[in-house]
S.K.: 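The structure that follows is given in the form of structure tokens.
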Amino acid sequence: FVPSHSSYLTNQIINNNDASSHLTKLNATKKKKTPKKSSTKNKSGGGFGSSSPTATKPKQKRSDTIQYPELEGQVRQTLIPSPFDITDEESATVLAEEMYDRLEDIYGLEKFNFGGVGAIYKSIGVVTDDDDDDDTVNELKNEDEGGSSLFDDILSGGSTSTIGGGSDPLEELFGKSPAPTPSASASASTSDKAAEAAPFDLNSIPAFEKFRVLHTDPMVLAIDDFFTNEECDKYVQISIDAEKQQTNAAGDETTQEETALQPMLLGQSQTVGKDSRSKAQRTSTTWFHYYKGVPELMAKASRLLGLEGFDRFEEPQTVRYRRNEKFTWHLDALSPEEANNPSGSGQRIATLLVYLTDVPAGSGGATMFRDLGGKDGSEDSQPLKVRPKKGSALLFFPSAGGIPGAPFDIRTLHCGEAVAEDAENEKWIAQLWLRQRGYEPTAPVGNSHGDASDEIGRYCTSQKSSSSYMMAEEQQEADEIFVYMGGDQVVPQDVRFVRIGESVTIIPKKAFISRANLINVEFHYGIEIIEDAAFFGCVSLRSIKLLGVKIIGKDAFSNCLDVTNAEFGDNLETVGNYAFEDCHCLRTITIPQARSIGIAAFMSCTGLSDIELGEELETLQDSAFQNCLCLRRIAMPLEVNMTGNDVFYCCSKLLRVDLVGVIHKTVALLHLEDWRNEMKDEINLINQALPTTIVGGKTLAVQQWMELVTRRLNHYKAEHKALLKEAATLLELALWKAKIDEKEGGVLQKGGLRTAMGQRKRERKEICITSGASIVIKNVLPFLQIV
Ligand SMILES: O=C(O)CCC(=O)C(=O)O
Ligand SMILES: [Fe+2]
């Protein structure tokens with residue numbers, strides 16, 4: 001028996017070395033037929049990796065690697081460099097909202113890590129389900145309409161593809177069924193809902209928090225501390241034990257008990273052949289495990305991806321790379337024949353790989369993505385290399401994205417780099433693939449998802465009691481809450497829960513500075529001032545509710561790395577310099593009565609996506625929102641010279657500015673429709689310009705736009721005033737004239753034309769007064785003025 005995971009692409013396209021680019025080939029009018037013979041099954045299940053004995057001998061760059069065709073320029077243009085230094089452990093952080101959007105929209109994982117930090121802000125009501133969620137989605141969709149999103153192709157199923165030739169050549173090569181689209185995966189998951197319902201609570205597993213975004217499109221994520229050291233060691237050990245037993249098993253009688261969970265050894269290549277073809281194959285060793293034997297992996301993988309069950313996962317694997325062993329360039333996605341088989345499980349949606357050992361820099365063994373990372377794919381660019389770090393997981397998506405209509409994402413071409421001869425450790429990984437629909441395992445004999453439920457349930461229950469989040473909550477009841485009475489009272493260094501005494505109206509300078517264990521503070525409405533650095537560096541603080549506060553001092557909450565939700569009331573007028581700098585988890589802020597936002601007040605709040613300020617705002621000081629990498633929208637009033645320098649510096653995602661305050665009323669009151677329409681266009685201009693404004697230019701763009709809108713509005717206000725003045729003068733005259741007509745008509749009848757001129761003048765003046773005409777301008781005109 002051999003599980004079937006074919007290697008279609010490698011044989012038919014990727015390994016076909018006579019094509020300088022497979023894309024060029026797709027677009028060529030005269031397509032050269034590639035050999036159809038391809039069905040060497042990839043024993044270890046690693047997608048399109050192994051080279052077929054029938055495949056043409058590939059060109060070699062070095063003797064032991066297959067040279068793959070270059071990515072075509074147009075595809076290369078869609079590649080973007082890795083935004084984070086992957087070796088920088090400091091950059092481990094919560095996933096930004098935008099990443100969740102992408103996971104949901106592109107990869108169909110709408111509950112990704114649900115219940116974790118990413119979802120906390122939803123559950124605490126920052127955006128509730130029945131709130132403005134839909135509006136936000138629609139708004140974002142509308143916003144994207146004009147913009148040039150890298151994901152348009154993917155989301156639209158390829159209709160906006162820039163790649164010549166459309167989808168026909170692709171269809172010809174890959175069949176009609178497209179790569180899993182969000183809707184495809186959504187319907188798959190709906191039909192699988194019942195099957196997925198599971199008798200265990202995956203949410204009792206603590207949420208994963210240490211995400212590193214290694215690449216954004218296609219998305220490649222690392223999740224640190226996914227496995228504990230013990231879990232890593234255990235998985236290595238059960239594989240080694242199985243190997244020992246199986247190699248000794250020749251005559252040995254092993255008991256039913258012993259073999260029940262024993263993984264199945266597969267795909268070992270004991271010797272690396274001398275020819276380049278065998279060198280180019282997978283030389284590592286793979287074990288297929290019973291789901292039941294690896295409950296930690298199944299439960300954590302399901303939890304991470306937000307699944308309700310685990311029946312879409314293929315057989316879990318462990319892979320061992322001894323020194324000099326490797327797995328060469330390949331794609332994990334399946335061949336169209338296999339993926340499109342209606343009775344099968346569909347395409348591989350996600351690859352999850354957990355490093356079970358450390359392989360330090362310089363010792364090889366990295367997972368390498370040939371076409372990701374580096375600088376715009378130029379010659380000297382380095383591919384994205386993920387160094388095995390014990391317990392860290394690597395997650396990527398082999399099939400959604402890339403070339404529209406293709407059943408795989410060509411850009412996820414990757415390899416397991418050879419482990420160095422002198423490496424200190426061997427490389428071990430655990431690996432799992434998620435399919436579109438429920439999967440029928442075929443190895444080891446008798447493996448089944450259903451059999452693993454109890455084991456996974458037990459694992460989940462064990463996690464419940466050790467979940468740090470739960471513990472924190474239970475602990476809170478047990479802990480004595482520290483009541484802070486203000487003044488000189490010293491706050492214990494290890495304080496976790498605080499209530500602010502009722503008499504306290506000011507939290508003094510540095511009162512809680514660097515209280516790293518502080519999780520929660522109960523503020524009350526009477527607190528008016530938070531002084532400088534009062535909560536600086538309270539890295540565990542999760543939310544703050546400052547409903548009565550008027551002034552927040554300098555550095556007050558700076559470096560509160562965990563604060564996800566901050567609520568402010570109507571009294572808050574002044575936010576001091578650096579007050580919330582580096583609060584990476586903050587998602588949205590609303591300060592309705594703010595007058596002044598200080599220098600760098602929200603600088604590097606990298607998760608902040610939406611800011612709502614009110615019409616009282618007078619100053620947004622320098623760098624106020626600098627480096628808010630996820631900021632998409634701000635609502636603020638129109639005020640020339642209000643914004644300082646670099647307010648939106650590096651806010652590359654800022655797409656929308658909504659003006660608040662009287663401006664809309666003013667525009668609505670303008671006399672002529674043309675003026676009103678022109679003003680509306682002028683106001684909208686910023687939202688057309690921002691998506692294409694260079695990152696460093698957003699502050700200036702907003703400033704100049706405000707000046708322009710103000711100038712144009714002042715112009716129309718002046719026109720409006722002139723028009724009204726003219727109208728009032730005419731009205732005055734009309735009233736006067738009507739009265740004269742009425743009076744003089746009578747006089748004429750009596751006295752005829754002999755009325756003396758002097759007398760007539762006097763009478764007319766009198767009529768002017770009695771008709772009230774003279775008071776029209778004075779009283780009516782101001783009443784008609786606009787603000
Ligand atoms: O070992 C690695 O780093 C990658 C393994 C892999 O890509 C595979 O087995 O499909
Ligand atoms: Fe792979």
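In each ligand, atom 1 is the first atom listed, and ligand 1 is the first ligand listed.
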S.K.: What I want to find out is whether Lys292 reaches Asp451 closely enough, with some N-O distance under 4.0 Å, to be called a salt bridge.
M.R.: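 Between Asp451 and Lys292 there is no salt bridge, as every charged N stays at least 4.0 Å from the carboxylate O atoms.
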S.K.: Looking at Asp332, which of its N, O or S atoms is the nearest one to the Fe ion (ligand 2)?
M.R.: OD1
S.K.: If the contact criterion is a heavy-atom separation under 4.0 Å, does Glu417 count as touching ligand 1?
M.R.: no
S.K.: Below 3.5 Å, N or O to N or O, backbone or side chain included: is there any such pair between Trp433 and ligand 1?
M.R.: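 By distance alone, the answer is no.
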S.K.: Under 30°, 30 to 60°, or over 60°: which ring-plane class applies to Tyr235 and His289, parallel, tilted or perpendicular?
M.R.: parallel
S.K.: Give a yes or no answer on whether the side chain of Lys326 reaches the backbone of Gly365 with a donor-acceptor pair at less than 3.5 Å.
M.R.: no
S.K.: Under 4.0 Å from a heavy atom of Tyr321: give me the atoms of ligand 1 that qualify, with their elements.
M.R.: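 In order of number, 1 (O), 2 (C), 4 (C), 5 (C).
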S.K.: Against ligand 1, does Ile429 come closer than 4.0 Å with any heavy atom?
M.R.: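 Flag set, Ile429 near ligand 1.
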S.K.: Show me which atoms of ligand 1 lie under 4.0 Å from any heavy atom of His330.
M.R.: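 Listed by number with element: 6 (C), 7 (O), 8 (C), 10 (O).
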S.K.: Given the Fe ion (ligand 2) as the apex, I'd like the angle to NE2 of His330 and NE2 of His414, rounded to 10 degrees.
M.R.: 90°
S.K.: By the definition side-chain contact (heavy atoms from CB on, under 4.5 Å), identify the one residue from Leu305, Leu297, Leu352 that meets it with Phe313.
M.R.: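 Between Phe313 and the candidates, side-chain contact (heavy atoms from CB on, under 4.5 Å) is satisfied uniquely by Leu305.
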S.K.: Do Ser284 side-chain atoms and Glu325 backbone N/O form a donor-acceptor pair below 3.5 Å?
M.R.: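 Judged by distance alone, no pair lies under 3.5 Å.
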S.K.: Is the distance between the ring centroids of Phe327 and His414 under 6.0 Å?
M.R.: no
S.K.: Suppose we screen for salt bridge (charged side-chain N to carboxylate O under 4.0 Å, His left out). Which residues come up paired with Lys390, at least two apart in sequence or across chains?
M.R.: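 Residues passing salt bridge (charged side-chain N to carboxylate O under 4.0 Å, His left out) with Lys390: Asp233.
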S.K.: Strictly distance-based, threshold 3.5 Å: is any side-chain N or O of Arg323 a donor or acceptor partner for the main-chain N or O of Ala423?
M.R.: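 Judged by distance alone, yes, a pair lies under 3.5 Å.
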S.K.: Report yes or no: does Cys415 have an N/O/S atom closer than 2.8 Å to the Fe ion (ligand 2)?
M.R.: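 Checking Cys415: none of its N, O or S atoms is under 2.8 Å.
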S.K.: Does the N or O separation between His414 and ligand 1 drop below 3.5 Å for any pair?
M.R.: yes
S.K.: Provide the number and element of each atom of ligand 1 under 4.0 Å from a heavy atom of Lys427.
M.R.: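 The atoms of ligand 1 under 4.0 Å from a heavy atom of Lys427 are 1 (O), 2 (C), 3 (O).
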S.K.: Where's the contact between Thr351 and ligand 1, heavy-atom distance under 4.0 Å: side chain, backbone, both or neither?
M.R.: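 No part of Thr351 comes within reach of ligand 1.
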